[in-house]
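In this chain, numbering begins with 1 at the start of the sequence shown.
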Amino acid sequence: MPTDRAESPRPDGSGQSGRSPYRFLVTPKWIAFHLLAIALVVTMINLALWQLRRLDERRDFNARVRANANQLVTDLADIDLSTADPAAVEWRRVRLSGVYADEYQFLVVNRSQNGETGRNVVNPLVLPDRSLILVNRGFVPIEDAVPAVPSGPVTIIGRLRTTEVRKTGQPSDADTPGLTEIHRIDIPLLNGQFDTTLRPMYVEQLEAEPADATTLQPIVPPSLDEGPHLSYTIQWFIFSACVVVGWVLAVRRSLATRSGKAVRKRKSAYVPIADDESAR
């Protein structure tokens with residue numbers, strides 16, 4: 001906070017003759033203080049508004065997941081994934097049948113679920129029209145062996161999911177043949193592993209007939225709470241209000257100093273006693 005020396009008051013206590021008591025507010029150091037306060041308030045308000053937008057996005061996501069997940073199970077053949085809007089069909093439950101291409105298997109590493117670290121097991125399923133779709137068969141804890149690929153025809157009920165996208169700071173997967181361990185189910189990248197183009201979405205397995213390995217845990221659905229965005233919004237608004245209050249207090253203190261008001265000294269509560277040597 002800028003500090004100022006007290007100016008010699010006029011006899012009437014109004015400060016220097018003919019000068020506004022607020023002239024100090026336009027001195028260079030106070031202008032810098034104003035700009036700092038404005039920058040902090042603008043930044044904090046923008047952070048609060050950003051959290052509100054994140055809250056709206058979260059609510060929209062939750063509503064879409066609930067709406068799609070609550071629809072009846074649909075045969076995959078009834079949904080044209082090549083033309084469907086991914087946001088409109090993601091999280092819908094679908095039924096599909098086929099045979100696993102057992103020469104391919106991908107382990108999605110560095111995954112965690114229910115407090116355990118492990119990996120997801122992903123295999124391509126050959127559909128009746130000879131096209132391929134990736135199936136995330138489930139989660140396997142790190143201490144358990146990866147189950148073998150089921151042989152023969154299987155029927156699966158699962159959730160449709162869109163391709164996973166690499167985010168800033170996350171490791172990337174090499175675009176080379178023969179991948180076995182991957183960091184995400186990136187369908188465009190994994191297309192290079194096959195002679196046949198993959199379907200543009202993949203399936204998270206919920207049920208299988210015949211049943212899959214018992215060590216496989218179904219992928220848990222996303223949490224549909226609203227997260228901490230509202231509390232963060234309130235915090236940023238409170239912080240910005242604190243900056244404004246601090247600015248006002250700084251201005252008032254400087255005005256008091258410049259007007260020459262002396263701080264009243266508190267009276268001593270000491271009462272001399274008759275036989276106290278200091279009272280004689």
Side-chain angles (χ1 to χ4, degrees), residues 1-10 12-69 85-88 90-91 110-113 115 161-172 183-184 220-266:
M1 180 189 73
T3 57
D4 305 285
R5 295 181 179 178
E7 298 175 354
S8 300
R10 295 176 56 186
D12 60 1
S14 60
Q16 293 185 353
S17 176
R19 297 184 64 182
S20 168
Y22 296 98
R23 286 176 60 89
F24 70 93
L25 293 175
V26 294
T27 58
K29 61 183 177 182
W30 273 94
I31 290 175
F33 182 55
H34 303 331
L35 293 176
L36 175 62
I38 292 171
L40 288 174
V41 170
V42 170
T43 299
M44 292 176 182
I45 289 178
N46 275 291
L47 287 170
L49 296 177
W50 174 65
Q51 287 293 340
L52 280 177
R53 291 193 295 271
R54 293 286 306 276
L55 178 60
D56 288 339
E57 291 171 359
R58 183 70 181 184
R59 287 172 174 170
D60 290 343
F61 171 80
N62 292 347
R64 186 171 68 251
V65 172
R66 290 190 181 99
N68 289 350
D85 177 9
E90 187 177 18
W91 305 106
N110 299 325
R111 294 297 169 108
S112 61
Q113 184 167 296
R161 296 297 314 276
T162 59
T163 182
E164 296 180 341
V165 179
R166 177 177 176 269
K167 297 179 181 178
T168 302
Q170 292 182 337
S172 57
H183 291 92
R184 66 195 58 82
V220 295
S223 173
L224 298 182
D225 58 30
E226 294 187 349
H229 303 299
L230 182 59
S231 61
Y232 287 163
T233 299
I234 295 172
Q235 288 177 17
W236 284 121
F237 279 130
I238 290 175
F239 292 157
S240 62
C242 289
V243 172
V244 174
V245 171
W247 180 88
V248 172
L249 292 177
V251 172
R252 292 185 62 182
R253 180 177 178 182
S254 186
L255 281 172
T257 301
R258 288 171 175 274
S259 67
K261 294 180 180 179
V263 179
R264 294 183 178 180
K265 295 183 178 180
R266 298 180 62 183

Within a strict 4.5 Å, meaning less than it, do heavy atoms of the [X] and [Y] side chains meet?
{"X": "Trp247", "Y": "Phe33", "answer": "yes"}
{"X": "Arg111", "Y": "Arg184", "answer": "yes"}
{"X": "Leu55", "Y": "Arg59", "answer": "yes"}
{"X": "His229", "Y": "Leu52", "answer": "no"}
{"X": "Pro21", "Y": "Leu255", "answer": "yes"}

For [X] and [Y], work out which heavy atoms get closest and say how close.
{"X": "Pro228", "Y": "Ser231", "result": "O-OG, 2.8 Å"}
{"X": "Thr233", "Y": "Gln51", "result": "OG1-CB, 3.2 Å"}
{"X": "Val243", "Y": "Ala37", "result": "CG1-O, 3.8 Å"}
{"X": "His183", "Y": "Pro171", "result": "CD2-CG, 3.4 Å"}

Measure the [atom1]-[atom2] distance between [X] and [Y] for me, rounded to the nearest 0.5 Å.
{"X": "Glu90", "Y": "Asp85", "atom1": "CD", "atom2": "CG", "value": "10.0 Å"}
{"X": "Leu25", "Y": "Ser254", "atom1": "CG", "atom2": "OG", "value": "7.5 Å"}
{"X": "Leu47", "Y": "Met44", "atom1": "CG", "atom2": "CE", "value": "8.0 Å"}
{"X": "Arg54", "Y": "Leu49", "atom1": "CZ", "atom2": "CG", "value": "14.0 Å"}
{"X": "Ser223", "Y": "Asn62", "atom1": "OG", "atom2": "CG", "value": "7.5 Å"}
{"X": "Thr162", "Y": "Trp91", "atom1": "OG1", "atom2": "CH2", "value": "8.0 Å"}

### Task
Give a yes or no on whether Arg166 atom CZ has more than 12 heavy-atom contacts from other residues, nucleotides or ligands under 6.0 Å away.
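Enclosed.
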### Query
So with a 6.0 Å cut-off around CZ of Phe237, is the heavy-atom count from everything else above 12?
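Atom CZ in Phe237 is crowded, with more than 12 foreign heavy atoms closer than 6.0 Å.
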### Task
Evaluate the ring planes of Tyr22 and Phe24, with Trp represented by its six-membered ring, and classify them as parallel (under 30°), tilted (30 to 60°) or perpendicular (over 60°).
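Tyr22 vs Phe24 ring planes: parallel.
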### Message
For Asn46 and Trp236: C-alpha separation, side-chain torsions, deciding distance, then whether side chain to side chain contact (heavy atoms under 4.5 Å, CB included) applies.
### Response
CA-CA 9 Å; Asn46 275 291; Trp236 284 121; over 6 Å; no
#### Entry: Arg64/Glu57 salt bridge by N-O under 4.0 Å criterion
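Not counted as a salt bridge, because no side-chain N and carboxylate O are separated by less than 4.0 Å.
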